[in-house]
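Here's the structure we're looking at; comments come further down.
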Amino acid sequence: MSNELQNIKNRFGIIGNFPVLNRALEKAVQVAPTDISVLVIGESGVGKEFIPKIIHSESKRKHQPYIVVNCGAIPEGTIDSELFGHEKGAFTGATATRKGYFEVADGGTIFLDEVGELPLQTQVRLLRVLESGEFMKVGSSQVQKTNVRIVAATNVNMMKAIHDGRFREDLYYRLNTVQIDMPPLRDRKGDIHLLFRKFSIDFAEKYRMPELELEPSAVHYIENYAFPGNVRQLRNLVEQMTVVERNREITVEKLAEYIPMETHLPMVVNNQGAQKQNDFGSEREIMYKILFDMRSDINDLKSLTSELIKNRGTADLSNQEKNLINRIYSAEQAQPVSQNSLLYFEDKSPVVQSAPAIISNVDDSYEDIEEIEIEENKPESLSLQNNEKDLIIKALEKHKGRRNRAADELGISQRTLYRKIKQYNLED
């Protein structure tokens with residue numbers, strides 16, 4: 001089987017010795033003499049199109065038509081006509097009777113690429129062809145027979161498509177009599193350099209230029225790249241570099257210009273080089289920032305309410321408004337609040353809270369407010385006050401002491417920031 005497999009690779013220009021790739025080619029050769037349907041699964045660009053070519057060339061149908069149909073490239077309104085044909089006058093623009101692919105490929109093989117993109121109505125017609133070999137042209141009531149071998153391919157998660165109602169389950173199992181999996185290029189690290197050399201030779205001959213060669217460090221680099229576009233991406237990369245680069249010896253620095261090594265995993269970066277680019281170095285600081293912003297918004301709202309009280313006077317407030325204001329300010333008080341009393345709150349820091357004075361009269365006089373520091377039984381590392389101070393320091397350092405930008409960064413007014421700078425002795 002090894003000699004036969006190597007002959008197949010040579011005939012179709014397939015490079016690589018990865019076990020999963022070899023197994024996929026072996027299965028294609030084994031099922032070729034039969035007429036059973038085959039479903040090829042793999043990511044875009046892995047070379048799924050080689051499998052139906054191998055199956056057709058090794059089958060008894062090899063002298064009959066072989067037709068490739070890209071199901072995702074044909075508009076939904078015309079795909080039935082393309083696959084099964086149509087009668088004259090079946091729809092607007094149908095000026096003559098037309099044969100479809102299933103009629104033209106009678107006795108041969110049809111490769112349905114991107115079969116997961118087929119409309120549901122077309123899936124019903126395709127299921128009938130698979131089960132009985134029968135189909136009808138669009139606009140016709142006459143049943144026709146066809147003897148076609150179907151090989152389908154997709155990069156879609158078929159089980160998810162079935163769950164979402166985008167693909168018929170019965171059609172999936174009819175197509176998936178034999179499944180062949182094509183591995184992604186990132187799993188074939190040992191084949192990447194071989195493919196690079198093969199493409200380099202091909203394009204050097206095509207464009208009459210010297211071949212590209214990789215330095216040892218560049219080989220290591222390219223073998224550890226993810227290649228989301230798989231073999232197609234590698235081929236395009238080599239062709240581009242063959243035409244553009246004058247130096248035929250490719251270094252890792254030059255290679256990084258074309259395929260920068262990136263990580264796609266979400267993470268919090270906390271290193272010296274990126275520390276100034278990030279507002280926070282840990283998730284805990286992010287949570288403190290959120291709490292700090294929420295407390296600032298609440299304080300601004302309470303300050304606005306107190307200003308409204310000063311401007312209007314308590315006599316102009318309805319009982320509903322008085323009760324609402326009392327509820328807002330009494331949330332931080334441990335003592336009950338009378339319905340006829342009105343609380344006044346002055347903006348303080350998130351840790352040092354104000355004890356509002358209760359106004360029993362309805363005039364516009366306000367008493368001074370006594371500050372009471374709330375004791376928190378928390379470790380020093382979890383102190384909201386300490387983290388607030390750290391956030392202010394970071395914001396000032398990031399914006400080089402420009403308080404207006406630091407205030408915008410923290411989501412507070414410049415006046416509040418100035419007061420907190422004095423409170424924490426952060427004067428320059």
Side-chain angles (χ1 to χ4, degrees), residues 1-62 66 68-71 108-116 130 148-162 167 169 171-199 202 219 222-235 238:
M1 188 66 180
S2 59
N3 292 334
E4 183 180 3
L5 188 60
Q6 189 59 46
N7 291 334
I8 292 293
K9 290 181 179 180
N10 294 336
R11 284 172 54 192
F12 293 93
I14 300 174
I15 303 296
N17 295 308
F18 189 65
V20 178
L21 174 64
N22 291 339
R23 178 55 182 159
L25 299 179
E26 289 174 358
K27 290 178 70 174
V29 174
Q30 289 174 353
V31 302
T34 68
D35 286 332
I36 59 178
S37 301
V38 178
L39 181 62
V40 186
I41 303 292
E43 298 178 4
S44 178
V46 296
K48 298 187 293 295
E49 67 276 3
F50 288 108
I51 299 299
K53 290 180 180 179
I54 294 172
I55 292 175
H56 179 72
S57 65
E58 296 296 312
S59 70
K60 59 187 178 182
R61 302 171 180 266
K62 60 183 177 181
Y66 171 74
V68 179
V69 182
N70 190 328
C71 301
T109 305
I110 288 184
F111 172 41
L112 298 178
D113 196 10
E114 298 185 29
V115 71
L130 286 169
V148 173
R149 169 79 171 277
I150 295 179
V151 180
T154 182
N155 58 4
V156 175
N157 186 332
M158 297 300 287
M159 300 312 297
K160 185 177 186 303
I162 293 172
F167 202 85
E169 186 175 11
L171 176 59
Y172 168 72
Y173 289 114
R174 288 290 302 182
L175 289 172
N176 196 25
T177 306
V178 174
Q179 177 174 316
I180 297 179
D181 297 298
M182 291 293 289
L185 185 57
R186 60 180 173 273
D187 292 342
R188 301 167 52 192
K189 291 187 177 181
D191 295 340
I192 293 177
H193 191 206
L194 293 175
L195 286 166
F196 185 96
R197 292 173 57 188
K198 197 266 185 186
F199 293 144
D202 291 345
V219 174
I222 200 173
E223 288 181 345
N224 286 276
Y225 180 68
F227 280 105
N230 293 292
V231 179
R232 183 184 295 121
Q233 181 185 1
L234 178 60
R235 184 180 185 276
V238 178

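Residue indices begin at 1 and follow the sequence shown.
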[X]: which residues meet the side-chain contact (heavy atoms from CB on, under 4.5 Å) condition with it, sequence neighbours left out?
X    : result
A28  : I51, I54, I55, I180
E223 : I192, H193, V219
K160 : N157, D164
I15  : L194, L195, K198

Close side-chain approach of [X] to [Y], heavy-atom, < 4.5 Å:
X    : Y    : value
L130 : I150 : yes
F167 : L175 : yes
E114 : T154 : no
N22  : K9   : yes

Where [X] and [Y] come nearest, the two heavy atoms and their spacing:
X    : Y    : value
S44  : R232 : OG-NH1, 3.1 Å
R149 : A32  : NH1-O, 3.3 Å
K53  : E49  : CG-O, 3.5 Å
A153 : F111 : CB-CE1, 3.4 Å

Which ring pair (Phe, Tyr, Trp, His ring centres under 6.0 Å) pairs, counting each pair once, include a residue from [range], with sequence neighbours left out?
range          : result
residues 17-38 : none
residues 28-47 : none
residues 26-59 : H56-Y66

Item to check | Residues in salt bridge (charged side-chain N to carboxylate O under 4.0 Å, His left out) contact with E58, at least two apart in sequence or another chain | outcome: R11
Contacts of [X] that satisfy side-chain hydrogen bond (donor to acceptor under 3.5 Å, both in side chains) - sequence neighbours left out:
X    : result
Q179 : N176, D181
E43  : R186, N230
D191 : R188

Next on the checklist: Applying side-chain contact (heavy atoms from CB on, under 4.5 Å) to V231 and F199, what does each step give before you reach the verdict?
Outcome noted: CA-CA 10 Å; V231 179; F199 293 144; 3.8 Å; yes
Item to check | D187 side, atom CG; L21 side, atom CG - distance, nearest 0.5 Å | outcome: 11.5 Å
When the side chains of residues 33-42 are checked against the rest of the protein, which donor-acceptor pairs come out under 3.5 Å, sequence neighbours left out?
unit_1	atom_1	unit_2	atom_2	d
T34	OG1	V31	O	2.7
D35	OD1	R61	NE	3.2
D35	OD1	R61	NH2	3.3

